[in-house]
There are 2 protein chains.
Amino acid sequence: MPATVSEKTIGRLSLYRRLLYELRNAGEENLYSHQLAQMAGVTAAQVRRDLMSIGYSGSPTRGYDVRELGESIGRFLDSPTDQGVALVGVGNLGRAIMAFFAGRRPHLRIVAAFDTDPYKVNRVIQGVRCYSLEQMPQVVESEGIQVGILAVPAVAAQSAADTLVRAGVRGLLNFAPVPLRVPPDVYVEDIDMTMSLEKVAYFARQRASQKELQTW
Amino acid sequence: MPATVSEKTIGRLSLYRRLLYELRNAGEENLYSHQLAQMAGVTAAQVRRDLMSIGYSGSPTRGYDVRELGESIGRFLDSPTDQGVALVGVGNLGRAIMAFFAGRRPHLRIVAAFDTDPYKVNRVIQGVRCYSLEQMPQVVESEGIQVGILAVPAVAAQSAADTLVRAGVRGLLNFAPVPLRVPPDVYVEDIDMTMSLEKVAYFARQRASQKELQTW
DNA sequence: GTAACGCTGTGAATAATTTCACAATATAAT
DNA sequence: ATTATATTGTGAAATTATTCACAGCGTTAC
Ligand SMILES: NC(=O)c1ccc[n+]([C@@H]2O[C@H](COP(=O)([O-])OP(=O)(O)OC[C@H]3O[C@@H](n4cnc5c(N)ncnc54)[C@H](O)[C@@H]3O)[C@@H](O)[C@H]2O)c1
Ligand SMILES: NC(=O)c1ccc[n+]([C@@H]2O[C@H](COP(=O)([O-])OP(=O)(O)OC[C@H]3O[C@@H](n4cnc5c(N)ncnc54)[C@H](O)[C@@H]3O)[C@@H](O)[C@H]2O)c1
């Protein structure tokens with residue numbers, strides 16, 4: 001069991017858990033590494049290597065117990081206490097995110113939203129109270145929030161990140177197309193849709209031209 | 001100049017270009033690899049290594065020409081002809097995406113939307129016409145669409161992907177939390193927000209506990 | 001002219017990640 | 001009980017990605 005687990009492995013464990021949860025709902029009780037691998041779009045060796053991190057063993061003949069493996073990943077990934085999340089920026093994307101995460105994982109839910117727009121402040125959206133920026137330090141402190149989601153315009157992203165970090169947040173999910181400068185003890189994950197779409201466009205074009213060459 | 005360029009390099013090139021574009025608007029004319037690196041959050045060696053892919057050389061004393069480098073990346077990344085994109089699923093997320101990409105990059109813009117909801121079909125949203133699913137093959141064909149964005153509910157994602165692929169799409173940007181099964185000549189990029197948020201929560205927790213150990 | 005400077009481009013070294021390949025083994029069949 | 005079987009867990013190898021480190025060079029200063 002390695003001391004530190006790579007970012008990529010953590011991401012895949014999250015995916016495995018979701019797949020296992022679906023399998024459990026479908027009534028499945030056992031599965032083999034190659035089955036989970038096929039569902040996750042990775043190799044069986046990759047699945048087994050990832051599972052080494054969490055200290056759960058399968059059986060050579062039955063494979064893994066769907067329920068036990070899912071719970072084992074949960075014990076590894078999740079906080080023993082609930083983790084509250086703050087959302088900053090209740091615009092088009094922010095509202096979609098609130099709708100998406102509403103009632104999804106009780107362990108990791110949005111407990112406060114922040115916006116500068118006075119029209120949104122003090123309203124309750126998707127069951128979440130929207131606060132003004134000034135209230136951020138107190139709310140983050142009192143709710144014990146460690147995780148922030150940034151869905152503000154690009155120009156506001158750095159300052160919103162600074163405020164969150166000063167208030168004690170240690171992880172940021174950033175949707176603004178701006179690389180954030182944060183202290184080394186803060187983890188940042190960027191979701192850069194422009195970059196993702198440009199990647200898809202590039203490789204789509206490449207695949208399309210490969211096709212042409214094949215028909216030669 | 002390598003024959004094939006890695007996915008990661010393509011992603012970073014897209015990021016570099018955006019930063020260069022902003023620099024140009026700010027009136028900057030030249031910059032060094034370490035400056036671009038600092039802005040992108042990578043090392044200078046990484047920047048120089050990435051730039052080897054595109055066949056543009058800087059000067060040892062002036063560094064890179066901001067405008068020329070940006071254009072050079074553009075020639076490498078972009079299609080010589082415009083690439084149209086299809087959006088499937090005009091819900092909360094789909095509408096946010098339409099608003100976000102509207103008028104952003106003329107080279108790579110959403111030219112058609114698709115939804116099953118009869119209330120949305122035949123409406124124009126953010127300047128984009130919404131079609132029914134039945135019209136997808138014809139529209140994809142006639143618009144020459146190679147790239148699709150999936151923002152439909154999880155249960156509908158695979159079948160929407162199948163329809164797009166059958167119609168000729170070669171790249172998919174998938175927001176549904178479901179791994180897609182596609183032929184090998186189709187490129188898929190997944191944006192899995194649940195996974196991303198769980199990663200952030202995991203590492204935020206880890207950083208927070210490191211902090212505690214430090215104050216020991 | 002030429003010397004000094006600090007950067008680029010890149011081969012080589014290192015680090016990270018994935019895959020291979022196989023001994024160990026839990027179960028079912030007989 | 002024994003055997004046959006197919007899978008697990010994991011060292012070792014292979015592959016991929018990043019960083020190091022420095023020769024070579026364009027520019028400036030004198
Ligand atoms: N909409 C998308 O699909 C999409 C996709 C990719 C990236 N993004 C990025 O996500 C961010 C938000 O996008 P959006 O489409 O929701 O924009 P939006 O303009 O609809 O919403 C932005 C919200 O942030 C609020 N805001 C502005 N300044 C603020 C501040 N300093 N502190 C707190 N709140 C503030 C505004 O009042 C507004 O409610 C942008 O950075 C955008 O580039 C959006
Ligand atoms: N909202 C978010 O921020 C968010 C975040 C992460 C992932 N997602 C994922 O993105 C997808 C869309 O999310 P959403 O919040 O916009 O959902 P939504 O329910 O608001 O919108 C879904 C849209 O898809 C349409 N649709 C349903 N079946 C369809 C089909 N077969 N073909 C075409 N259109 C169809 C519906 O009419 C609706 O307009 C979901 O898979 C969701 O899990 C959303």
Criterion side chain to side chain contact (heavy atoms under 4.5 Å, CB included) on B/Leu23 and B/Met39, from CA distance to verdict = CA-CA 10 Å; B/Leu23 284 168; B/Met39 283 188 286; 3.4 Å; yes
Please find the earliest and latest nucleotides of DNA chain C, in the 5' to 3' direction, that have an atom within less than 4.0 Å of any heavy atom of chain A.
-> C/dT17 to C/dA28
B/Asn30-B/Tyr64 side chain donor-acceptor pair, cut-off 3.5 Å | no
Any pair with a residue in residues 195-205 of chain A that passes salt bridge (Lys or Arg N to Asp or Glu O under 4.0 Å), sequence neighbours left out, goes on the list, sorted by first then second residue, please.
-> A/Glu198-B/Arg17, A/Glu198-B/Arg105, A/Lys199-B/Glu7, A/Lys199-B/Glu189
Are [X] and [Y] close enough that some pair of their side-chain heavy atoms sits under 4.5 Å apart?
{"X": "A/Arg18", "Y": "B/Thr194", "value": "yes"}
{"X": "B/Met193", "Y": "B/Phe175", "value": "yes"}
{"X": "B/Tyr56", "Y": "B/Asp65", "value": "yes"}

Ring centres of B/Tyr202 and A/Phe76 under 6.0 Å apart?
-> yes
DNA chain D contacts among residues 17-24 of chain A, heavy-atom distance under 4.0 Å | none
Would A/Arg12 count as a cation-pi partner of A/Tyr16, with NZ or CZ less than 6.0 Å from the six-membered ring centre and within 45° of the ring normal?
-> no
What does the list of N/O pairs under 3.5 Å between the protein and nucleotides 28-30 of chain D look like, with a distance for each?
residue, atom, partner, partner atom, Å
D/dT28, OP1, B/Arg62, NH2, 3.3

Encode nucleotides 9-21 of chain D as B, S and - characters from 5' to 3', where the letter depends on protein heavy atoms closer than 4.0 Å: B to the base, S only to sugar-phosphate, - to neither.
-> BBBB----SSB-B
Please identify each residue that fulfils side chain to side chain contact (heavy atoms under 4.5 Å, CB included) with A/Glu143, with sequence neighbours left out.
-> A/Val111, A/Val139, A/Ile145
